Amino acid sequence: MKKLVLATSNKGKVREIKELMRNYEVVPYTDLLDAFEIVEDADTFKENALIKARAVYEALGDEEAVVIADDSGISVDVLEGAPGIYSARYGGENASDKDNLYKLIEDIKLKGTERSPAYYTAAIAIVTKDRERVVHGWMHGTAITEARGEGGFGYDPMFIPQGFDKTLGELDDAIKKELSHRSKALQLASKVLKVL
Ligand code: ITT
């Protein structure tokens, strides 16, 4: 089975990507190397995904490696698209998923509303010796000002996907697996990987 090294230390992403890429041996880079800090200072999901995938490719020092990175986040209409690329740090530099979630809930409330259209974006970068590619996926829905359910990770307890009336925290994992920004991007990534 072909090996994919994942340039992420986010356990929620690792779990979902393993589940979605069953034709590959998916190995988080932290199984191969000590975790190191990667400065994601670009202003798009695409460029930040490339920064992570390139950094891990270089650190591995293995010409044959195929590295993929996921840069993702949630954009809320009443907040003019925030937190977007800043989703991981919304509640501060060392914020936990819960800190970020409750900060987003408070900021939506401050706009005087209990819900807003919102969407998730995922950019998946694929880096090999002689190629770099990035694909994207999106999931639209509604951000609400309460956290419901324990499923998924990150902002999922406050996100209701379009066509449903429960949050991703409450819905079965299979629904996120079918609909998510990450699964859509990874479907495209699979096509790219086949022709590499
Ligand atoms: P790596 O950079 O190591 O991959 P990270 O968590 O820092 O991990 P990002 O910079 O891409 O990753 O930040 C993504 C943020 O968006 C983070 O706060 C996630 O919790 C959130 N997020 C991304 N996808 C999500 C999803 O499917 N469900 C809920 N929250 C998500």
Side-chain angles (χ1 to χ4, degrees), residues 1-75 81-97 99-100 119-139 152-156 176-177 179-196:
M1 210 173 351
K2 196 152 175 54
K3 185 155 101 182
L4 287 182
V5 179
L6 266 189
T8 181
S9 40
N10 180 313
K11 292 197 173 70
K13 290 184 188 176
V14 172
R15 191 179 65 237
E16 290 187 4
I17 295 170
K18 278 189 170 168
E19 188 64 34
L20 289 160
M21 300 297 270
R22 290 192 159 265
N23 295 333
Y24 293 87
E25 183 197 350
V26 176
V27 181
Y29 86 95
T30 49
D31 284 6
L32 306 169
L33 304 170
D34 287 337
F36 60 96
E37 199 191 344
I38 303 172
V39 181
E40 300 168 35
D41 55 2
D43 54 11
T44 60
F45 291 110
K46 173 181 174 174
E47 289 301 325
N48 282 329
L50 278 169
I51 287 172
K52 291 189 266 196
R54 286 178 189 140
V56 167
Y57 182 86
E58 295 298 331
L60 286 169
D62 170 6
E63 285 212 334
E64 298 305 310
V66 179
V67 177
I68 71 171
D70 166 315
D71 199 65
S72 44
I74 190 168
S75 302
I85 60 165
Y86 303 108
S87 294
R89 297 166 259 166
Y90 198 51
E93 219 27 72
N94 294 310
S96 67
D97 274 14
D99 298 333
N100 290 329
Y119 63 93
Y120 279 114
T121 304
I124 302 282
I126 303 160
V127 169
T128 65
K129 178 159 64 89
D130 42 28
R131 273 170 221 250
E132 292 187 338
R133 290 284 183 277
V134 184
V135 291
H136 290 79
W138 291 269
M139 171 169 48
F153 66 97
Y155 297 96
D156 287 341
K176 184 172 184 193
K177 192 173 165 189
L179 294 178
S180 83
H181 49 311
R182 184 161 296 106
S183 58
K184 289 177 185 151
L186 286 171
Q187 279 164 21
L188 296 174
S190 297
K191 293 189 181 170
V192 172
L193 287 165
K194 275 193 195 128
V195 296
L196 274 185

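Keep in mind the model is a prediction, meaning the values are calculated, not measured.
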Kindly give the heavy-atom pair with the smallest separation between [X] and [Y], and that separation in Å.
| X | Y | value |
| --- | --- | --- |
| A69 | A53 | CB-N, 3.6 Å |
| S87 | S72 | CB-O, 4.4 Å |
| E47 | T44 | N-OG1, 3.0 Å |
| D71 | A49 | CB-N, 3.7 Å |

Applying side-chain hydrogen bond (donor to acceptor under 3.5 Å, both in side chains) to K46 and not counting sequence neighbours gives none

Taken in chain and number order and not counting sequence neighbours, the residues that satisfy side-chain hydrogen bond (donor to acceptor under 3.5 Å, both in side chains) with N48 are none

Please report the interatomic distance [atom1]([X]) to [atom2]([Y]), rounded to the nearest 0.5 Å.
| X | Y | atom1 | atom2 | result |
| --- | --- | --- | --- | --- |
| I85 | D43 | CD1 | CG | 6.0 Å |
| H181 | E16 | NE2 | CD | 7.0 Å |
| R182 | Y120 | CZ | OH | 8.5 Å |
| K13 | L20 | NZ | CG | 13.5 Å |

I'd like to know if the side chain of T8 pairs up with that of N10 as donor and acceptor (distance under 3.5 Å, no hydrogens or angles considered). no

Name every donor-acceptor pair, under 3.5 Å, that has one atom in a side chain of residues 123-132 and the other anywhere in the protein, sequence neighbours excluded.
{"unit_1": "T128", "atom_1": "OG1", "unit_2": "R131", "atom_2": "N", "d": "3.2"}
{"unit_1": "E132", "atom_1": "OE1", "unit_2": "R54", "atom_2": "NE", "d": "3.4"}
{"unit_1": "E132", "atom_1": "OE1", "unit_2": "R54", "atom_2": "NH2", "d": "2.9"}
{"unit_1": "E132", "atom_1": "OE2", "unit_2": "R54", "atom_2": "NE", "d": "2.7"}

Residue pairs passing the ring pair (Phe, Tyr, Trp, His ring centres under 6.0 Å) test where at least one lies in residues 25-73, sequence neighbours excluded: Y29-F36

Could you give all pairs that pass the ring pair (Phe, Tyr, Trp, His ring centres under 6.0 Å) test and reach residues 4-25, with sequence neighbours left out? none

Determine whether [X] and [Y] make a side-chain contact, defined as any pair of heavy atoms from C-beta on separated by less than 4.5 Å.
| X | Y | result |
| --- | --- | --- |
| V56 | L32 | no |
| I68 | I17 | yes |
| M139 | S180 | yes |
| E19 | R15 | no |

Tell me which donor-acceptor pairs under 3.5 Å the side chains of residues 188-196 have, and how far apart each pair is, sequence neighbours excluded?
{"unit_1": "S190", "atom_1": "OG", "unit_2": "L186", "atom_2": "O", "d": "3.0"}

Just by distance, do the side chain of [X] and the backbone of [Y] share a donor-acceptor pair under 3.5 Å?
| X | Y | result |
| --- | --- | --- |
| Y90 | A95 | no |
| T30 | A35 | no |
| K176 | G152 | no |
| K177 | S183 | no |
| K3 | A65 | no |

Does D31, at its CG atom, have more than 12 non-hydrogen atoms belonging to other residues, nucleotides or ligands within less than 6.0 Å? yes

